There are 2 protein chains.
Amino acid sequence: MARPTMEDVAKRAGVSRALVSLVMRGSPKVSEQRRTAVLRAAEELGYSPHAMARSLASRTSTVLGVMVSDLHNAFFAEVVDGLDSVAREQGFELIINTGGRSPARERRALDSLLSFRPAGLALLSPVVPTAAISTAADHLPIVLVARSSRVSTVDTVNDDGEQGVGLAVDHLVSLGHRDIVHLDGGEGSQAGPRRRGYVSAMARHGLDPRVVDSEYTDTAGARAVQELRGGGRMPTAVISCNDFNAVGAISALEEAGLGVPGDVSVVGYDNTSLAALRHVSLTTVDQPRNEMGRLAAEALLQRVRGERTDPVRHLLHPSLVVRSTTAPPGGAS
Amino acid sequence: MARPTMEDVAKRAGVSRALVSLVMRGSPKVSEQRRTAVLRAAEELGYSPHAMARSLASRTSTVLGVMVSDLHNAFFAEVVDGLDSVAREQGFELIINTGGRSPARERRALDSLLSFRPAGLALLSPVVPTAAISTAADHLPIVLVARSSRVSTVDTVNDDGEQGVGLAVDHLVSLGHRDIVHLDGGEGSQAGPRRRGYVSAMARHGLDPRVVDSEYTDTAGARAVQELRGGGRMPTAVISCNDFNAVGAISALEEAGLGVPGDVSVVGYDNTSLAALRHVSLTTVDQPRNEMGRLAAEALLQRVRGERTDPVRHLLHPSLVVRSTTAPPGGAS
DNA sequence: TTGTAAGCGTTATCAC
DNA sequence: GTGATAACGCTTACAA
């Protein structure tokens, strides 16, 4: 059960521990003969280097910590993919931990990650208080994804939610819609910019904004539509705060006998895999998630290498993906 | 930037390093006075213990490694939740890594996890070769989730796919269906048991099985339905290998002008959050994912504590969740 | 090119 | 109760 150590390999190869260390790290100043001897001994013993001991001795780390606030949301999976590919390219590896969208669990996840002394930390849509983040930022580089912050020592990567919802409004207006409602994300992350984007885009087109309180879930989307029906005037188009909400809205509309997009057009946000399902085929706003992950990793590694100390704030351009849930108002179903 | 060490805390509190260590580990044999002094010093310095150094010195680990084959599949998120809660209860923490369903990436993820010398390893639906797994199993406890294995040194946790699909067949037969097709998962994990369950359940009811090759994606499900239409006889019911496949099948059926469940009933597998969306409302087979995670963690920790060396093979009972995509054949749409 | 020796931050074993 | 001191597995000057 006990794993072999460098000492074991050294003994078997008849060399010193230090030499094994050099071979393991691919140093050029080792004779070919010794190198193969060491490598063979390691192979025979099934030796693999002890990352923790290495990091302890070298006072360096090749680990980036990632805190994913919610593993259930596929949004983060692609951000992690982006982080992973850049990290790997540059010789770093990821360790992931999850916060379950609870500040308490997130705090523990953060501490756990920190206890491994990673070179840097990426927090994906964290809900922990800013204070905890800025304290941690005193000790290592931190990048926030899908959460903005004014802390001057952390980098941030976000999509421009204002612009994204603006694209959705423009699209609907160009189709001829004038009565467009926004189903709001409430306290949810990034809900603010999306709402602001809606309001200002409507104003730009000289239209009256109508915001209905809702949340980032499909039942909330359905409920919002029911409220809308109770309230009297039905809009010709709905812009949801995210894809889940949009799907809930669609099913409530259909239950009410309203066709999508025949009677009401619906636009989502995030372009999750759900939106791409042919059964759903939702027009939605795409965030460049993979790119966000890549930029986050790069921001982290720049700081790790000491290339930069000023904070960087990436604001990426979202794009509209037109599918089958939007059409001119009053068109055939 | 450099983090404070135990030495720093000791100095500030005016005690020895060993005493700080005792306090950090909550030893009872420390005077109340010194304890609070140490704790305060640690707080002021922002000290947090160095997990790697601790593990190195104590020759123990309180870390469980988790390799998630595919972060995009929400199935695993709940398994991780189960693992996490048990691990936490027993004073362990998780570090997660992802394999992206590629054997090469998975190997790297495995090595990375191993390099932290965790107390045990949970592999969620891994695709790495058995050899790699059994080699690793020589050095630490390993549990496989959603992947069976005959390796005598690893534990496994699976749902009984045969039984699960049997439930689906029974349900459809009790509704009056006799012409039931299975859309097969091909090489996918757990596709074999599901197919066998279908065949034997059909035989039990004296019905002819009909298996159509497919895959675990919605486009594959749609394609299989198109083949079925081209082939002539349409069944009255379809059992998909998983929920994604089922949703694809539904949309292809609807595009063909066939109502679900009016003309054709559809059953999925996994009870993912997708199936629960009201817009989908899919009848499906539920795996007790959280429970699977909990059992996996418990199996691991039993071995870690040396309480057991014989392998354990958990085979959990799935259950049927009846929603809106199944009805008697020939019924109204 | 190779070996020796001194750490890295912690725990464990003793004495006091 | 408290404090030295020797590990843990590895890296890294520095010497040889």
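Only heavy atoms go into these numbers, but all of them, side chains included; no hydrogens, no water, no symmetry mates. So that the names make sense, note that chain A is the first sequence line, chain B the second, and so on, each numbered from 1. Just so you know, these numbers come straight off a predicted model, no measurement behind them.
The nearest whole Å value for the distance from the CZ atom in Arg3(A) to the P atom in dC8(D) is 18 Å. Rounded to an integer number of Å, the gap from Leu45(A) CG to dG9(D) C1' is 15 Å. The NZ atom of Lys29(B) sits 14 Å away from the P atom of dG3(D) (whole-angstrom rounding). Between the CD atom of Glu7(A) and the P atom of dG3(C) there is a distance of 12 Å, given to the nearest Å. Between the CZ atom of Arg117(B) and the P atom of dT10(C) there is a distance of 20 Å, given to the nearest Å. Rounded to an integer number of Å, the gap from NE2 of His50(A) to P of dT10(C) is 15 Å. Rounded to whole Å, atom P of dC10(D) lies 12 Å from atom CE of Met52(B). The CZ-C1' distance, from Arg35(B) to dT2(D), rounds to 14 Å in whole Å.
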**Fill in**
Protein-proximity profile, nucleotides 11-16 of chain D, B/S/- by nucleotide at the 4.0 Å heavy-atom cutoff, equals BB----
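A heavy-atom distance below 4.5 Å is found between the side chains of Leu295(B) and Glu298(B). Counting heavy atoms from C-beta outward, Arg294(A) and Asp81(A) have side chains that stay 4.5 Å or more apart. In this structure, the side chains of Asp70(A) and Phe75(A) stay at 4.5 Å or more apart for every pair of heavy atoms. Residues Leu121(A) and Leu64(A) fail the side-chain proximity criterion, which asks for heavy atoms closer than 4.5 Å.
Note on the helix from dT1(C)-dA16(D) to dC16(C)-dG1(D): terminal axis deviation equals 40°, with five pairs used at each end and the result rounded to 10°.
Residue Ser16(B) places no side-chain N or O under 4.0 Å from the OP1 or OP2 atom of dA4(D).
As judged by a 4.0 angstrom heavy-atom cut-off over every strand, Leu19(A) is placed among residues touching the sugar-phosphate backbone only.
Here CG of Asp111(A) is found 11.5 Å from CD of Glu106(A). Values are rounded to the nearest 0.5 Å. Interatomic distance, Leu140(A) CG to Ser61(A) OG, rounded to the nearest 0.5 Å: 9.0 Å. Put simply, CZ on Arg107(B) and CE on Met67(B) are 11.0 Å apart, with the number rounded to the nearest 0.5 Å.
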**Message:** As a quick check of understanding, evaluate side-chain hydrogen bond (donor to acceptor under 3.5 Å, both in side chains) for Arg25(A) and Ser21(A), giving each step before the final call.
**Reply:** CA-CA 6 Å; Arg25(A) 283 172 295 140; Ser21(A) 173; 2.8 Å; yes
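Between Asp155(B) and the choices Arg313(B), Arg308(B), His314(B), the side-chain hydrogen bond (donor to acceptor under 3.5 Å, both in side chains) rule is met once, by Arg308(B).
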